[in-house]
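Data first, discussion second: the structure below is written as structure tokens.
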2 protein chains.
Amino acid sequence: MEPNLYDRNCGSRQVLDRIGDRWSVLVVLALADGVKRYGELAQRVDGVSQKMLTQTLRGLERDGLVTRSVHAEVPPRVDYALTGLGRSLLDLLSGLRTWATTHLPEVEAARARYDAR
Amino acid sequence: MEPNLYDRNCGSRQVLDRIGDRWSVLVVLALADGVKRYGELAQRVDGVSQKMLTQTLRGLERDGLVTRSVHAEVPPRVDYALTGLGRSLLDLLSGLRTWATTHLPEVEAARARYDAR
DNA sequence: CAGCATCCTTGGCGATACTG
DNA sequence: CAGTATCGCCAAGGATGCTG
């Protein structure tokens, strides 16, 4: 049988929930151009707290979208990178980014129109 | 200047936030095959409360993604449909749906692997 | 039928402090 | 540097009852 996205118990919807997560999207996009350290990500994704960044990265790692490699050094160094699966998702997400930026004017115009009534 | 998605105050990020909303995605997808009534949407999108469905529809309407047409009848009839802008987003979102369903096995396998450690 | 208003809870999230 | 641990808040969202 085909997965029903609208069923709250369907796995596909849980996958969508992860995709839909605000931070997950931004983190995956931030990893678009290759390996990044924890601190780099924290700096890049404006407004994310340490807690949420860690939590998001763990979630992405768990879902097989991101790899986490710890280097035995002092000071510690932890690298994050997209997996093949993660990169396949990246294609879609960068499409979303493009959509968001190109259609931003239309959305803002629509909002202004709506609020003016 | 180019919009910076990573800036929390950038409009493009607010657009992404709407896209990222769990219910917004499901509602837009539910409207893929044409006009739907309020009740149809409520039935289709499993688990959504009345409050959230209304709130989501208002948000989508405000952003110019959905139209709301009230028919002067008894009992009342309210139709929702995607705008051109909404349909342009639909293309991307159905891509996400496809991704979610086709890669679901990989994600579940990754989760099992992660949890087993 | 399609909603709005209200109350109430819960858990998401930020802030802070501490560690290997 | 890259996290964990803990506390506390508040706002998202569910449940219920009412209306045009």
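Numbers restart at 1 for each chain; the letters A, B, ... are given by sequence-line order, proteins then strands.
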Note: B:R13-B:D7 ion pair, threshold 4.0 Å (strictly below): no
Footprint string (nucleotides 3-11 of chain D, 5' to 3'): B base within contact, S backbone only, - free, heavy atoms under 4.0 Å: BB-------
Under-4.0 Å salt bridge between A:R111 and B:D63: yes
A:L60 with A:V70, same ILVMFWY side-chain cluster at under 4.5 Å: yes
Distance, rounded to the nearest Å, where B:M52 contributes CE and C:dT10 contributes P: 18 Å
Distance in angstrom units between A:L53 CG and C:dA15 P, rounded: 14 Å
Interatomic distance, A:E61 CD vs D:dA2 C1' [rounded to whole Å]: 14 Å
5' priority, DNA chain D, between B:Q55 and A:R77 [closest heavy atom]: A:R77
Euclidean distance, atom CG of residue A:D17 to atom P of C:dG12 [Å, nearest integer]: 12 Å
Separation of D:dG20 C1' from B:E73 CD (nearest whole Å): 15 Å
Side chain A:R87, main chain A:L82, donor-acceptor under 3.5 Å: yes
Interatomic distance, A:R22 CZ vs C:dC13 P [rounded to whole Å]: 8 Å
More than 12 heavy atoms from other groups under 6.0 Å of CD on A:Q43: no
Qualifying residue for side-chain contact (heavy atoms from CB on, under 4.5 Å) with B:V66, from B:V27, B:L31, B:T83: B:L31
Short side-chain N/O contact to D:dA2 OP1/OP2 from A:R37, under 4.0 Å: yes
